[in-house]
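In what follows, residues are counted from 1 in the order of the sequence shown. Just so you know, ligand 1 is whichever comes first in the structure, and atom 1 is the first atom listed for that ligand.
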Amino acid sequence: MMSEGHVMEIFQAIQGEGPWVGISQIFFRLFRCNLRCSWCDTPESFELTGKGKVEHPPGSRSFVEFENPISPSRAMELLEPFLKTPHHSLSFTGGEPLMQKDFLLELFPLLKSKNEKIFLETGGTTPQLLEPLLPYIDYISMDIKLPSSTKERPYWKEHEEFLRLAITKDAYVKIVLTKETSSDELQMGLQLIKRLRENIPVILQPVTPIGSDQPPNETQMLKLLTQSLEILPQVRVVPQVHKLIGQK
Ligand code: SF4
């Protein structure tokens, strides 16, 4: 049976996070998320609204609405003008894109048949949903969510299982830090990564100020980085660069 997807928006943009900062991507943002991070910058993705929007033409920031849900072949039609533009990969983001695993399981093979590269941005808490999609995915940006900054419950076990699968691909881990981030929790996260492999790139991302969530100050940040480098060699601090260039 064909699975339909609830797609929030499709647009062209510059990747603003992590080791791939600066590349041109086609963003495919899906509705739904299993988490509620306190600093979430896309809460509109939580509830299905029935409508999605696609940038037309690509890169114009002018959007046309479409009705959800859509079939995988309709998604390919909407993507067609984007696929003609130069781009590094398609970034599947959300929300939590894995919440629509069945839809992606049908869409990804269509994209791979056109030699497209698939980049997954995920909260990293649902390994059972990642596993069947792995053969189609090229890059994974996986979060480790620290409860002291998300105000969510810990996901240590889920993150470990997820990372074990993710590192079969070109993967890195992103950890968002706030003023309230506990250095003990950060060390637990890094030890979890170290148990799997030492050379996994890790990005510490100071939160972009939102509501009462503020980034660590300069000395806090340096201290967290120094402590991290005592555990793992490939840790870097990279803020959300797309916000600095006025991109949402
Ligand atoms: S996982 Fe991402 S989309 Fe979901 S609540 Fe957290 S920041 Fe928001």
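- Of all atoms in ligand 1, numbered sequentially from 1 with element shown, those under 4.0 Å from a heavy atom of Trp39 are 7 (S).
- Nearest protein neighbour of atom 2 (Fe) of ligand 1, counting heavy atoms only, is Lys145 NZ, 4.1 Å.
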Apply side chain to side chain donor-acceptor pair (under 3.5 Å) to the pair Ser141 and Tyr172, showing each step before the final yes or no.
CA-CA 5 Å; Ser141 166; Tyr172 74 93; 2.9 Å; yes
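- Under 2.8 Å from atom 8 (Fe) of ligand 1 lies an N/O/S atom of Cys40, whether from backbone or side chain.
- To the nearest 0.5 Å, the span separating CG on Asn68 from CZ on Phe31 amounts to 6.0 Å.
- Both the backbone and the side chain of Cys37 come within 4.0 Å of ligand 1, counting heavy atoms alone.
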Output, in order, the C-alpha distance, side-chain angles, deciding distance and verdict of ring pair (Phe, Tyr, Trp, His ring centres under 6.0 Å) for His56 and Phe66.
CA-CA 12 Å; His56 180 77; Phe66 58 85; over 10 Å; no
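- Of all the heavy atoms of Thr42, the ones lying under 4.0 Å from any atom of ligand 1 belong exclusively to the side chain.
- For the ligand labelled ligand 1, residue Arg36 lies inside the 4.0 Å heavy-atom shell.
- Residue-environment remark: NZ (Lys157) stays at or below the threshold of 12 foreign heavy atoms within 6.0 Å.
- Here the straight-line distance linking atom NE2 of His159 with atom CG of Leu146 works out to 7.5 Å at 0.5 Å rounding.
- When each atom of ligand 1 is checked for a heavy atom of Gly95 under 4.0 Å away, the hits are 3 (S).
- By the 4.5 Å heavy-atom criterion applied to side chains, Asp41 and Lys243 are counted as neighbours.
- Shortest contact from atom 4 (Fe) of ligand 1 to any protein heavy atom: Cys33 SG, 2.3 Å.
- Those atoms of ligand 1 with a heavy atom of Phe46 less than 4.0 angstrom away are 5 (S).
- Distance alone, capped at 3.5 Å, places no donor-acceptor pair between the Gln187 side chain and the Asp184 backbone.
- Every atom of ligand 1 with a heavy atom of Leu35 under 4.0 Å away is listed here by number and element: 1 (S), 5 (S).
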